[in-house]
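Okay, so here's the structure we're looking at.
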Number of protein chains: 2
Amino acid sequence: MFSIGELSRRAGVKIPTIRYYEQMGLMAAADRSEGNQRRYSKDGLKRLSFIRHSRELGFSIDDIRGLLELSQHPEKPCRDAHNMAARRLDDVRARIAKLRRLERELKRISGCDADTIAHCAVIETLADHGLCEGDH
Amino acid sequence: MFSIGELSRRAGVKIPTIRYYEQMGLMAAADRSEGNQRRYSKDGLKRLSFIRHSRELGFSIDDIRGLLELSQHPEKPCRDAHNMAARRLDDVRARIAKLRRLERELKRISGCDADTIAHCAVIETLADHGLCEGDH
DNA sequence: GTAATCTCTCTAGCGGCTAGAGCTTCAAGA
DNA sequence: TCTTGAAGCTCTAGCCGCTAGAGAGATTAC
Ligand SMILES: [Zn+2]
Ligand SMILES: [Zn+2]
Ligand SMILES: [Zn+2]
Ligand SMILES: [Zn+2]
């Protein structure tokens with residue numbers, strides 16, 4: 001049994017974030033000490049690590065609720081988990097595509113060789129999307 | 001002179017967003033009709049289009065305040081504008097790099113060919129970052 | 001016993017909007 | 001000119017995923 005501070009250190013998740021996850025129903029309401037402080041076991045650490053890793057991979061709090069639920073039922077089919085991962089992947093790819101378009105425009109305007117605002121490619125482009133090469 | 005609805009349609013920015021930009025000091029407090037409704041001119045449209053385009057390119061509200069200010073002073077050097085664009089570009093590249101690492105992991109776990117949660121690569125990976133190929 | 005360090009709950013704030021309630025104003029047609 | 005319906009007004013609250021702070025109580029080490 002360890003404190004929330006210890007859990008925080010071990011899992012690499014800030015204390016208020018742990019309490020937030022509890023509120024959001026990701027972490028079960030923790031056991032309490034006599035003085036009402038949260039006490040965690042190895043299980044709590046595992047669960048929190050799962051949550052952290054899922055967040056790092058971009059899953060939403062809602063998704064994670066589902067994934068945690070699934071992980072509790074080893075006999076169930078994993079189709080749902082695959083679907084969530086696939087949706088995540090699609091989303092990530094869409095975001096990459098969008099950012100690449102941004103990168104292209106930003107690279108272009110960063111090449112401005114004017115000295116004053118009057119002829120600055122950055123300002124001119126912001127004022128007129130027609131100067132852009134692509135969509136965004 | 002046109003209404004906020006008309007401005008919204010022409011600039012492709014929602015009405016509450018326009019009012020929000022006014023609150024944030026990006027749009028100047030608009031002229032008003034006798035009945036206290038906002039009235040805009042071509043200048044307002046230009047300014048809003050500039051804001052919209054800047055947002056699309058990923059600049060923050062704060063950055064945009066600066067960029068608008070710069071754009072009002074054509075004689076000034078454009079170094080500041082370049083710096084902002086460069087910082088934006090760096091940020092976009094960092095985000096792309098991060099998303100690509102994500103993409104790789106998500107692609108890997110999406111290749112799970114198990115049937116049940118018990119052996120599902122998605123769930124296993126979320127429970128153990130050690131199974132990941134890279135950092136994130 | 002006392003001091004230092006945790007931890008507790010509760011509330012509010014971040015960015016960039018978005019939505020709704022409850023009201024007033026405007027514009028077009030009869 | 002009057003009516004009606006759309007559009008506008010302000011104000012407040014909510015979204016996500018935290019993060020920060022106040023002011024209180026608990027724990028721990030010496
Ligand atoms: Zn320039
Ligand atoms: Zn553009
Ligand atoms: Zn699977
Ligand atoms: Zn990992």
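In the text below, chain A, chain B and the rest are named by the order of the sequence lines, each starting its count at 1.
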ask   = Should A:S33 be listed as having a side-chain N or O under 4.0 Å from OP1 or OP2 of D:dT27?
value = yes
ask   = Does the side chain of A:S3 get closer than 4.0 angstrom to OP1 or OP2 of C:dT7 through an N or O atom?
value =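 Affirmative; the distance criterion is met.
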Below 4.5 Å, heavy atoms only, C-beta onward: do [X] and [Y] meet side chain to side chain?
{"X": "A:Y21", "Y": "A:R55", "value": "yes"}
{"X": "A:R88", "Y": "A:F59", "value": "yes"}
{"X": "A:R39", "Y": "A:I4", "value": "no"}

In this structure, how many angstroms lie between the [atom2] atom of [N] and the [atom1] atom of [X], rounded?
{"X": "B:Q23", "N": "D:dT12", "atom1": "CD", "atom2": "P", "answer": "11 Å"}
{"X": "A:F2", "N": "D:dA26", "atom1": "CZ", "atom2": "C1'", "answer": "19 Å"}
{"X": "B:M1", "N": "C:dA27", "atom1": "CE", "atom2": "P", "answer": "13 Å"}
{"X": "B:Y40", "N": "D:dA7", "atom1": "OH", "atom2": "P", "answer": "17 Å"}
{"X": "B:I18", "N": "D:dC9", "atom1": "CD1", "atom2": "C1'", "answer": "14 Å"}
{"X": "B:R52", "N": "C:dC17", "atom1": "CZ", "atom2": "C1'", "answer": "15 Å"}
{"X": "B:M24", "N": "C:dC17", "atom1": "CE", "atom2": "P", "answer": "10 Å"}
{"X": "B:R32", "N": "D:dG8", "atom1": "CZ", "atom2": "P", "answer": "12 Å"}

inquiry  = Quick check for you: among D:dT27, D:dG17, D:dC9, whose closest atom lies nearest to any side-chain atom of B:R38?
reply    =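 For B:R38, the side-chain atoms sit closest to D:dC9.
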query = Which nucleotide in the set D:dA26, D:dC9, C:dT7 lies at the smallest distance from any side-chain heavy atom of B:I4?
reply = D:dC9
ask   = Got a sec, which residues hit side chain to side chain contact (heavy atoms under 4.5 Å, CB included) with A:H129, two or more places apart in sequence or on another chain?
value =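 With neighbours one apart ignored, the set is A:C132, A:D135, A:H136, B:H53.
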request  = State which residues pass side chain to side chain contact (heavy atoms under 4.5 Å, CB included) with A:A30; sequence neighbours excluded, sorted by chain then number.
outcome  = A:E22, A:R38, A:Y40
Using a strict cut-off of less than 4.0 Å between a Lys/Arg side-chain nitrogen and an Asp/Glu carboxylate oxygen, indicate whether [X] and [Y] qualify as a salt bridge.
{"X": "A:K107", "Y": "A:E103", "value": "no"}
{"X": "B:E105", "Y": "B:R108", "value": "yes"}
{"X": "B:R93", "Y": "B:D90", "value": "no"}

message = If hydrophobic clusters are built by linking Ile, Leu, Val, Met, Phe, Trp and Tyr wherever their side-chain heavy atoms come under 4.5 Å apart, do B:M24 and B:I15 end up in the same one?
response =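 Yes; tracing contacts between hydrophobic side chains, which count when under 4.5 Å, links both residues.
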Stretch residues 83-100 of chain A: residues that reach within less than 4.0 Å of DNA chain C through a heavy atom = none
request  = Using a cut-off of strictly less than 4.0 Å between a heavy atom of the residue and any atom of DNA chain C, enumerate the qualifying residues of residues 62-72 of chain B by number.
outcome  =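 None, since no heavy atom is under 4.0 Å.
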Side chain to side chain donor-acceptor pair (under 3.5 Å) partners of residues 73-87 of chain A, not counting sequence neighbours, each pair once =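 Sorted result for residues 73-87 of chain A: A:E69-A:H73.
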request  = State whether the side chain of B:S54 and the backbone N or O of B:I64 hold a donor-acceptor pair below 3.5 Å, judged by distance alone.
outcome  = no
Just the atom pairs and distances: protein N or O near nucleotides 18-25 of chain D's N or O, under 3.5 Å.
unit_1: D:dC18; atom_1: OP2; unit_2: A:Y21; atom_2: OH; d: 2.9
unit_1: D:dC18; atom_1: OP2; unit_2: A:R55; atom_2: NE; d: 2.6
unit_1: D:dT19; atom_1: OP2; unit_2: A:T17; atom_2: OG1; d: 3.1

task = Starting from the 5' end of DNA chain D, give me the residue, B:E6 or A:E34, whose nearest nucleotide shows up first.
result =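 Its nucleotide being nearer the 5' end, the pick is B:E6.
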message = For a quick test of reading the model, state the closest non-hydrogen atom pair linking B:L89 to A:S110 and the distance between them.
response = CD2-OG, 4.1 Å
